[in-house]
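A short write-up of the structure that comes next.
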Amino acid sequence: AQVNGVNGLIFLPDNWTCPAGVTFKSGFHSEHSVEAYSQYQAFSAEQWSKLEAAGAVFLPAAGNRDVSNVLRNVQYGGVYWSVTFDGQPADTVKHTYNQAFAIYALSSYYDASGDPAALQSALALFRLIEEKMKDELGYLEAFDRAFQPVSNEKLSENGVEAFRSMNTHLHVMEAYTELLRVLQKRTGGADMLREIWEALSWTCRLFSDRMWNPVAERVEVFFDRDWNSLINLWSSGYDIESSWLADRTVEILRKTAMN
């Protein structure tokens, strides 16, 4: 279906009754295209207001097309913390954590589709993180739309505000691992491959040298600028997530070993 020009799926509750003045077709269209969606079933904003009031839920279609549009339209580059259904900024914070997830999504999409635009967008975000969102000791956290540092309250808790977080570094490592995995399948691009490999190796060393606590046998979570742990916090969830992501990272680094 289309709602106010946006493609997606509509979910209905049990025992649902279509409101007066709206015609609703159930089921799916067999062809996935903009024309098919609009010709099969399209609703104006006014019609959708009636459907929503009757309990309908709209799930907008996502994809690389939408992410690429956001990347092109965001002032100063990068991706925002959140946007509305039609791509307008809802929260203009640009967090290293967000950029990393976008890299992972674009890399995986490129691997599945072969769309070169997705890979180029992922590489652009990699360069942005390396140029604007790190210092000589590690990765930084939250920025405004012009990449001036702002409060890191989104990834802090328990009464502390972290200058660095394990969570951000974990997902940078995860994203770079996926980007390296898909990039090493291509021919050419040796310089870019080496740059990503070296950045990922550095991130992996930060985990072993700065975030891993060998005495407590756990990863620390929140840090000041110089990697001093800010709180005595143990998270089995973070330990489990870190263990399998670190294992995956080492596997890909070994497969893409650089001389």
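Keep in mind that this is a model prediction, so the values were computed, not measured.
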Check the side chains of [Y] and [X] for a donor-acceptor pair under 3.5 angstrom, ignoring hydrogens and angles.
X      : Y      : value
Trp227 : Asp209 : no
Gln184 : Thr256 : no
Ser229 : Glu220 : yes

Salt bridge check, Arg225 against Glu136: does any charged N sit closer than 4.0 Å to a carboxylate O?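 A salt bridge links Glu136 with Arg225.
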Do the side chains of Arg181 and Glu178 get close enough for a salt bridge, i.e. N-O under 4.0 angstrom?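 Salt bridge present between Arg181 and Glu178.
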Side chains of Tyr80 and Asn98 in contact at under 4.5 Å (non-hydrogen atoms):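 The answer is no; the side chains never approach within 4.5 Å.
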Taking the side chain as everything from C-beta on, heavy atoms only, tell me whether Asn4 gets closer than 4.5 Å to Trp48.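 Heavy-atom side-chain distance check fails, nothing below 4.5 Å.
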Which atom of Gly55 lies closest to which atom of Pro13, heavy atoms considered: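 Scanning both residues completely, I find the closest heavy atoms to be O-CD, 3.3 Å.
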Kindly give the heavy-atom pair with the smallest separation between Leu51 and Pro19, and that separation in Å.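 Shortest heavy-atom separation between Leu51 and Pro19 comes out as CD2-CD, 3.9 Å.
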Quick one: do Phe223 and Met166 satisfy side chain to side chain contact (heavy atoms under 4.5 Å, CB included)? Show the steps, please. CA-CA 8 Å; Phe223 306 88; Met166 186 281 299; 4.2 Å; yes
Distance, nearest 0.5 Å, that separates [atom1] of [X] from [atom2] of [Y]:
X      : Y      : atom1 : atom2 : value
Leu179 : Ser108 : CG    : OG    : 10.0 Å
Glu195 : Arg127 : CD    : CZ    : 7.0 Å
Leu137 : Arg210 : CG    : CZ    : 6.5 Å
Glu131 : Phe147 : CD    : CZ    : 10.0 Å
Ile252 : Leu183 : CD1   : CG    : 12.0 Å
Thr249 : Met173 : OG1   : CE    : 4.0 Å

Check whether the ring centres of [X] and [Y] lie less than 6.0 Å apart, and answer yes or no.
X      : Y      : result
Phe101 : His171 : yes
Phe126 : Tyr176 : yes
Tyr139 : Trp202 : yes
Phe24  : Trp16  : yes

Worked check of side chain to side chain contact (heavy atoms under 4.5 Å, CB included) between Asp144 and Lys94: CA-CA 6 Å; Asp144 65 14; Lys94 295 176 181 177; over 6 Å; no
Do you know which of Asn152, Thr96, Asp224, Asp135 makes side-chain hydrogen bond (donor to acceptor under 3.5 Å, both in side chains) with Arg164?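 That would be Asp135; it is the only one of Asn152, Thr96, Asp224, Asp135 passing the side-chain hydrogen bond (donor to acceptor under 3.5 Å, both in side chains) with Arg164.
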Transitively linked via ILVMFWY side-chain contacts under 4.5 Å: [X] with [Y]?
X      : Y      : answer
Trp234 : Met211 : no
Ile231 : Leu170 : yes
Tyr104 : Leu193 : no

Stepwise side chain to side chain contact (heavy atoms under 4.5 Å, CB included) test for Phe143 and Val93: CA-CA 6 Å; Phe143 301 83; Val93 167; over 6 Å; no
Any chance you could lay out the side chain to side chain contact (heavy atoms under 4.5 Å, CB included) test for Ile10 and Val57, step after step, and finish with the verdict? CA-CA 6 Å; Ile10 294 176; Val57 175; over 6 Å; no
